[in-house]
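Labels below follow one simple rule: chain letters A, B, ... track the order of the sequence lines, proteins then strands, and each chain is numbered from 1.
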Amino acid sequence: MKPADKRAYDRDYAQAKKTGKPFFPYAIFKDTVIATLTVLGIIILAIVVRVEVGEPVNPATTDFVPRPEWYFYFAFELLKIFKNQDVFTPLIMATFMVPNILIILLVVWPFIDRGPERRIWKRPFALGLTVIVTGMLCYLTWMGANSPAGVAKGGLPVSGLDEEATKGMGVYLANGCGSCHMVAGVGAPGPGPDLTNEGTKGWDNAKMIAWFKAPKPPMPSYASLPPAELEALATFITGLGTTYK
Amino acid sequence: MTTKDIGPKGTVQKSAEGALDFVDERSGVKTGARWFLFRNIPAGTSWFQTLGFTAMVVFGMQAITGIILAMYYVPDTSGGAYASIQRITEEVTWGWMVRGMHKWGASVMIIVVFLHMARVFIWGSYKYPRELTWVTGAVLLMFTLFMGLTGYLLVWDQKAYWATVVAVNIFASAPIVGPYIGDILRAGPEFGPSTLSRFYSIHMLVIPAGIAAFIGLHLYFIMRLGISEPPWAKRRLRIERDEEDARRRAAREQAAALPGTVTYPAGAPTGAGGDDR
Ligand code: HEM
């Protein structure tokens with residue numbers, strides 16, 4: 001804004017205040033009504049919907065769904081979009097670049113958009129940004145709310161399993177790998193890569209176990225699994241697409 | 001004597017007024033409260049401008065319910081945290097209600113803060129002179145989201161645990177500083193007892209203090225600068241209409257006084273009337 005625009009605004013605002021109304025009771029009344037309704041809404045939600053107590057933490061086994069609270073669904077969905085790991089859509093886009101660009105934009109926005117115009121229909125860029133960002137957030141949250149819970153209770157459609165691999169598949173299912181990975185079309189399409197043909201990469205069990213113990217984020221570490229389970233899991237994964245199809 | 005006179009003031013009333021005057025003379029509370037309550041705001045101030053106050057009230061509610069929860073919660077990873085949540089939900093009188101309000105309050109606060117931000121954005125209320133109000137608000141938004149992240153873990157059930165493992169891993173995957181941030185959040189390389197204590201302390205001491213401080217700053221700016229007028233307040237629309245009229249009138253008068261010079265570009269024939277082109 002040019003200094004002249006600033007002075008014009010100051011004059012206009014002083015005029016608005018002079019012909020205005022006192023804060024009490026006009027603003028206080030509206031504030032109190034909306035705040036009371038909101039708190040009442042929260043109390044009604046607390047009474048009607050209640051809170052549950054989930055299953056106790058077990059870092060070793062039991063199926064889990066690594067799903068954040070709904071207001072972080074959008075971030076989780078972003079991970080899925082950028083899961084391909086190729087040059088155009090590297091995962092770092094979702095975990096680092098996009099969030100940081102958004103945060104920086106949010107903080108410095110008033111220093112970017114400095115024109116004197118305040119009516120939204122005369123600020124087409126700001127209007128477009130409102131629609132696109134709100135739309136994206138709603139869409140991603142909706143996607144997150146409807147994403148598959150991940151754990152395929154009935155097993156995976158994979159044949160040729162021997163005893164060790166069957167045990168490994170059990171470990172795979174019990175630890176919710178399927179909420180980030182897909183095998184033969186079962187599981188979530190991200191954020192982890194599709195593991196249907198993981199065996200063709202030629203990793204041996206030791207390399208696979210090392211990965212389970214210290215994977216690259218956001219995959220969690222499975223160092224707390226018993227060695228026998230890790231071994232079975234590694235056998236299962238390294239055979240996918242080669243021995244077990 | 002007027003009918004309003006209820007007789008000489010009693011000792012109690014006199015000393016009460018005296019005490020109030022004593023405090024006001026030294027602190028200015030009466031004057032301050034009067035300035036705060038009866039200062040003018042633009043007449044068009046609308047219902048959309050109640051969302052910031054509502055966010056503040058919900059934050060206050062979160063603080064109160066949170067303090068009550070902290071009286072019963074035990075940040076112990078070997079079953080104590082989970083058991084205390086179970087106890088609050090199933091045994092403590094009104095415990096389910098307090099926990100329910102805290103949990104739903106968190107979601108509602110995020111929605112309210114987002115709507116408040118949307119209203120400020122759509123109205124262009126972040127423009128001169130309110131840029132710094134917006135910046136303090138942006139910090140408040142991030143604090144609010146971070147509250148959600150740290151609070152979620154405290155329940156210490158499967159869903160919360162693994163969701164937080166993934167979220168912390170996302171922070172940890174940032175280049176260069178990522179691993180350090182991960183270690184700071186986890187209080188070490190692995191998730192464990194100190195992670196829970198750390199999240200608990202961040203959730204109930206560090207961020208609330210930050211939010212309180214930034215709400216203070218935010219309110220300071222708002223009181224100093226005054227609440228913005230809606231861009232389509234009646235007064236603004238009238239001014240815009242008057243300006244538009246004045247512009248048209250000026251154009252018409254100019255056209256009448258100097259035929260040709262307004263409607264024709266330079267070099268066009270003049271004096272030939274207005275309609276032979
Ligand atoms: C904990 C969260 C927040 C609280 C408690 C809060 C509180 C308030 C209050 C009480 C007002 C007075 C007017 C109104 O109610 O609309 C206000 C105005 C304002 N807020 Fe916030 N706010 C929060 C978050 C934010 C966020 C996330 C932003 C934007 C990034 C923001 C930017 C502003 C601006 C620019 C104003 C001045 C608007 C005007 O004068 O019209 N605030 N805030």
Subject >> F48(B) CZ: over 12 foreign heavy atoms closer than 6.0 Å >> reply: no
Original post:
Between V57(B) and A35(A), what is the shortest heavy-atom contact and its length?
Top reply: CG2-CB, 3.9 Å
**OP:** Determine the option with the most heavy-atom pairs under 4.5 angstrom with chain A, choosing from V108(B), V165(B), I122(B).
**Re:** I122(B)
Original post:
With a 4.5 Å heavy-atom cut-off, do W134(B) and F111(A) have their side chains touching?
Top reply: no
**OP:** Can you tell which part of V58(B) gets under 4.5 Å to a heavy atom of chain A, answering side chain, backbone, both or neither?
**Re:** side chain
**OP:** Pick one of side chain, backbone, both or neither for L145(B), based on which atoms fall under 4.5 Å of a heavy atom in chain A.
**Re:** both
**OP:** Examine whether an atom of D12(A) lies under 4.5 Å from a heavy atom of chain B, and if so say whether it belongs to the side chain, the backbone or both; otherwise answer neither.
**Re:** both
**OP:** Please state whether the rings of F121(B) and W109(A) are parallel, tilted or perpendicular, taking 30° and 60° as the class boundaries.
**Re:** tilted
Original post:
Using non-hydrogen atoms only, which part of M97(B) is less than 4.5 Å away from chain A: side chain, backbone, both, or neither?
Top reply: both
Subject >> Partner chain B: residue of L37(A), I42(A), D10(A) with the largest heavy-atom pair count (under 4.5 Å) >> reply: I42(A)
**OP:** Specify which of L149(B), I85(B), L132(B), V168(B) makes the most heavy-atom pairs with chain A at under 4.5 Å.
**Re:** L149(B)
Original post:
More than 12 foreign heavy atoms under 6.0 Å from CZ of F221(B): is that the case here?
Top reply: yes
Original post:
What's the shortest heavy-atom distance between F72(A) and G148(B), and which atoms?
Top reply: CE1-C, 4.4 Å
Original post:
Top residue by heavy-atom pair count (under 4.5 Å) with chain A, among A160(B), A233(B), G124(B)?
Top reply: G124(B)
Subject >> Proximity breakdown for V33(A) and chain B, heavy-atom pairs closer than 4.5 Å >> reply: side chain
Original post:
Who wins among A27(A), P99(A), G115(A) for the most heavy-atom pairs under 4.5 Å with chain B?
Top reply: G115(A)
Original post:
Are K103(B) and E69(A) ion-paired here, with the side-chain N under 4.0 Å from a carboxylate O?
Top reply: yes
Subject >> Considering all heavy atoms, the nearest I43(A)-M101(B) contact >> reply: CG1-CE, 3.8 Å
**OP:** Give the member of R114(A), K17(A), M1(A), R123(A) that has the highest number of heavy-atom pairs under 4.5 Å with chain B.
**Re:** R123(A)
Subject >> Non-hydrogen side-chain atoms of Y128(B) and D5(A) separated by less than 4.5 Å >> reply: no
Original post:
Non-hydrogen atoms of chain A under 4.5 Å away: do they reach the side chain of W156(B), the backbone, both or neither?
Top reply: both
Subject >> For K21(A) against A43(B), the heavy-atom pair lying closest together >> reply: CE-O, 3.5 Å
Subject >> Which atoms of M97(A) approach chain B - backbone, side chain, both or neither, heavy atom under 4.5 Å >> reply: neither
Subject >> Least distance between heavy atoms, G100(B) atom then A46(A) atom >> reply: C-CB, 3.5 Å
Original post:
Quick one: does K18(A)'s side chain get under 4.5 Å of N40(B)'s, heavy atoms only?
Top reply: no
Original post:
Taking the side chain as C-beta and beyond, is there a heavy-atom pair between R99(B) and V53(A) under 4.5 Å?
Top reply: yes
**OP:** Taking only Lys NZ, Arg NE, NH1 and NH2, and the carboxylate oxygens of Asp or Glu, determine whether E240(B) and R119(A) approach each other closer than 4.0 Å.
**Re:** yes
Original post:
Do other residues, nucleotides or ligands put more than 12 heavy atoms under 6.0 Å from K213(A) NZ?
Top reply: no
**OP:** Evaluate whether atom CH2 of W94(B) has more than 12 neighbouring non-hydrogen atoms of other residues, nucleotides or ligands under 6.0 angstrom away.
**Re:** no
**OP:** Tell me whether the guanidinium CZ or amine NZ of R235(B) lies under 6.0 angstrom from the six-membered ring centre of Y13(A) and within 45° of its axis.
**Re:** no
Original post:
Under a 4.5 Å heavy-atom cut-off, does chain A meet the side chain of I88(B), its backbone, both or neither?
Top reply: neither
Subject >> Atom CE of M136(A): over 12 foreign heavy atoms under 6.0 Å >> reply: no
**OP:** List the steps and the verdict of side chain to side chain contact (heavy atoms under 4.5 Å, CB included) for V51(A) and H102(B).
**Re:** CA-CA 10 Å; V51(A) 270; H102(B) 198 73; over 6 Å; no
Original post:
At a heavy-atom separation under 4.5 Å, does L225(B) approach chain A through its side chain, its backbone, both, or neither?
Top reply: backbone
**OP:** State whether the number of non-hydrogen atoms from other residues, nucleotides or ligands found under 6.0 Å of I176(B) atom CD1 is greater than 12.
**Re:** no
**OP:** Evaluate the criterion side chain to side chain contact (heavy atoms under 4.5 Å, CB included) for residue pair W96(B) and I47(A); output intermediate values, then yes/no.
**Re:** CA-CA 9 Å; W96(B) 59 273; I47(A) 292 175; 4.2 Å; yes
Original post:
Which bit of L127(A) is near chain B, if near means a heavy-atom gap under 4.5 Å: side chain, backbone, both or neither?
Top reply: neither
Subject >> W35(B) atom CH2: more than 12 heavy-atom contacts under 6.0 Å >> reply: yes
Subject >> Which atoms of L129(A) approach chain B - backbone, side chain, both or neither, heavy atom under 4.5 Å >> reply: side chain
Subject >> Shortest non-hydrogen separation from W104(B) to V49(A) and the atoms involved >> reply: CZ2-CG1, 3.4 Å
Subject >> Derivation and outcome, side-chain hydrogen bond (donor to acceptor under 3.5 Å, both in side chains), residues Y126(B) and D113(A) >> reply: CA-CA 9 Å; Y126(B) 51 80; D113(A) 176 25; 2.4 Å; yes
Subject >> Polar side-chain atom of K127(B) near backbone of E117(A) as donor-acceptor pair, under 3.5 Å >> reply: yes
Original post:
What part of S46(B) gets closer than 4.5 Å to chain A, counting heavy atoms only: side chain, backbone, both or neither?
Top reply: backbone
Original post:
Any chance the rings of F23(A) and F38(B) have centres within less than 6.0 Å?
Top reply: no
Subject >> Student check: side-chain heavy atoms of D31(A) and T54(B) closer than 4.5 Å >> reply: no
Original post:
Near R39(B) CZ, under 6.0 Å, is it more than 12 heavy atoms from other residues, nucleotides or ligands?
Top reply: yes
Subject >> Any side-chain heavy-atom pair of V107(A) and M142(B) under 4.5 Å >> reply: yes
Original post:
Are W123(B) and I120(A) side-chain neighbours, meaning at least one heavy-atom pair lies under 4.5 Å?
Top reply: no
Original post:
Can you say whether I110(B) sits under 4.5 Å from chain A via the side chain, the backbone, both, or neither, judging by heavy atoms?
Top reply: side chain
Subject >> Rounded distance [0.5 Å steps], CZ in F24(A) versus CD1 in I41(B) >> reply: 12.0 Å
**OP:** For residues Y26(A) and T45(B), determine if any side-chain heavy atom of one lies less than 4.5 Å from a side-chain heavy atom of the other.
**Re:** no
Original post:
So what's closer than 4.5 Å to chain A heavy atoms on V98(B): side chain, backbone, both or neither?
Top reply: neither
Original post:
Where on F36(B) is there a heavy atom nearer than 4.5 Å to chain A: the side chain, the backbone, both, or neither?
Top reply: both
Original post:
S125(B), A138(B), A167(B), G178(B): which one forms the most heavy-atom pairs within less than 4.5 Å of chain A?
Top reply: A138(B)
